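Please read the structure below before turning to the comments.
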Amino acid sequence: LKYNEELTKRKKLYNQVQEAKGNIRVFCRCRPLSKQEMSAGYKDVVDFEGARDGDLAILAGGSLKKIFKFDRVYTPNDDQVDVFADASPLVVSVLDGFNVCIFAYGQTGTGKTFTMEGPAHNRGVNYRTVEQLFEIARERSEMVSYDICVSVLEVYNEQLRDLLAASPSSKKLEIKQGSEGSHHVPGIVEAKVESLSEVWNVLQAGSSARAVGSNNVNEHSSRSHCMLCITVKARNLLSGECTRSKLWLVDLAGSERLAKTDAQGDRLKEAQNINKSLSALGDVISALASKSSHIPYRNSKLTHLLQDSLGGDSKTLMFVQISPSENDLGETLSSLNFATRVRGVELGPVRKQV
Ligand code: ADP
């Protein structure tokens with residue numbers, strides 16, 4: 001009973017906070033300058049002086065070019081623990097029955113995979129999320145019984161691949177809408193998991209399947225969206241009430257524009273498909289942020305898949321990943337502008353002199 005009261009109170013509080021702030025958060029994370037960039041003599045163009053207040057300043061030729069505002073700004077010194085501390089309230093809300101979508105956006109090489117997956121010795125959001133899901137589920141085990149299932153999908157050239165299927169490429173997958181209105185992919189493998197190590201095995205299986213059939217794994221992963229879906233079914237042992245919620249953890253394809261010289265054949269098709277899905281994602285989120293009456297989910301497989309977890313009372317967190325190097329300035333500005341549009345709040349022109 002106490003748990004039910006607690007949950008009702010918390011939902012009320014969530015709703016008040018959401019009403020005040022909206023359901024979309026954008027966190028900006030900048031990776032360190034790499035050794036190669038340092039030895040090539042590239043300068044750092046990011047100023048973190050206002051980072052605590054969510055301000056990020058971009059410099060060009062030594063003077064201020066533009067200030068961006070985000071819900072959080074991480075400097076290259078902030079680690080995986082700092083980043084997860086801000087993302088973890090969303091994990092709690094998944095267990096309370098909300099749908100959540102966390103994704104990383106940015107140019108290839110800016111740390112999307114580092115933030116979401118992370119190296120084995122310094123794991124990122126995906127692992128920490130699942131770890132926390134199990135931890136809270138255990139704490140609540142006398143009151144709620146949770147079933148947790150994991151699916152791993154890839155979207156490449158507007159086609160879905162089930163990375164947990166025995167032969168991922170041979171299966172034709174479509175997105176369907178169920179009678180209760182939720183979206184699902186019939187036939188997709190949903191692995192029931194009961195421990196962190198089981199999840200880890202599932203993720204490893206997904207990663208190896210991703211590599212199959214591509215000559216260059218890194219190139220392939222930078223051109224496809226890798227999507228982890230965690231479904232949580234909760235049964236309240238006291239009231240018998242059941243809820244079902246979905247958490248998407250998405251490592252998006254690289255947002256970089258294709259060089260004109262590369263614009264032909266398969267590369268052109270890939271680039272057009274990436275462009276299409278990333279702009280569809282931007283359109284959907286900014287339509288949500290501006291409370292538009294039509295939300296164009298159907299314009300790409302990515303947004304169609306995420307439909308239940310973008311909008312309504314679901315919560316969205318976007319990491320915009322950037323490089324600090326002057327060499328990447330054009331792409332950095334384009335990512336920051338995209339993220340600003342997504343956040344739905346434009347800052348005026350430069351308001352601070354450096
Ligand atoms: P992406 O997924 O965007 O292509 P990666 O995650 O592969 O980028 O990161 C590119 C390189 O930068 C990797 O070597 C990664 O270890 C390093 N890197 C990214 N972010 C950080 C960070 N915050 N701290 C240290 N190294 C980072």
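Treat the numbers as computed from the prediction; the structure is a model and nothing was measured. Each ligand, and each atom within it, is numbered from 1 in the order the structure gives. Along the sequence shown, residues carry numbers from 1.
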Atom 19 (C) of ligand 1 - nearest protein heavy atom and its distance: Gly111 CA, 3.5 Å

Nearest-contact summary for atom 10 (C) of ligand 1 - protein heavy atom, Å: Gly109 O, 3.6 Å

For Arg29, the ligand 1 atoms whose distance to one of its heavy atoms is below 4.0 Å: 23 (N)

Exercise check, heavy-atom protein proximity under 4.0 Å to atom 14 (O) of ligand 1: no

Distance filter under 4.0 Å to Arg31 heavy atoms, resulting ligand 1 atoms: 12 (O), 19 (C), 20 (N), 21 (C)

Stacked cation flag Arg29 on Phe319, 6.0 angstrom / 45 deg: no

Approximate separation, where rounding is to 0.5 Å, of Cys28 SG and Asp71 CG: 11.0 Å

Atoms in ligand 1 flagged as close to Gln107, the criterion being non-hydrogen separation under 4.0 Å: 3 (O)

Verdict with reasoning, Glu37 to Arg31, per salt bridge (charged side-chain N to carboxylate O under 4.0 Å, His left out): CA-CA 12 Å; Glu37 285 160 349; Arg31 68 159 166 78; 2.8 Å; yes

Element-labelled atoms of ligand 1 that are located less than 4.0 Å from some non-hydrogen atom of Thr108: 4 (O)

Aromatic centroids of Phe338 and Tyr105 separated by under 6.0 Å: yes

Atom 24 (N) of ligand 1: nearest protein contact (heavy atom, Å): Pro32 CD, 3.4 Å

Heavy atoms of other groups near Gln204 CD, more than 12 under 6.0 Å: yes

Distance from atom 17 (C) of ligand 1 to nearest protein heavy atom, with residue and atom: Phe114 CD1, 4.5 Å

Atoms of ligand 1 close to Lys112 [distance to a heavy atom under 4.0 angstrom, numbered from 1]: 1 (P), 2 (O), 3 (O), 4 (O), 6 (O), 8 (O)

Ion pair check, Glu198 and Lys192, cut-off under 4.0 Å: no

Polar atom proximity, Asp251 to ligand 1 (N or O, under 3.5 Å): no

Ring center gap for Tyr156 and His220 short of 6.0 angstrom: yes

Taking atom 7 (O) of ligand 1 as the reference point, the nearest protein heavy atom with its distance: Thr113 CB, 4.3 Å

SB check Asp147 Arg235 (cutoff 4.0 Å): no

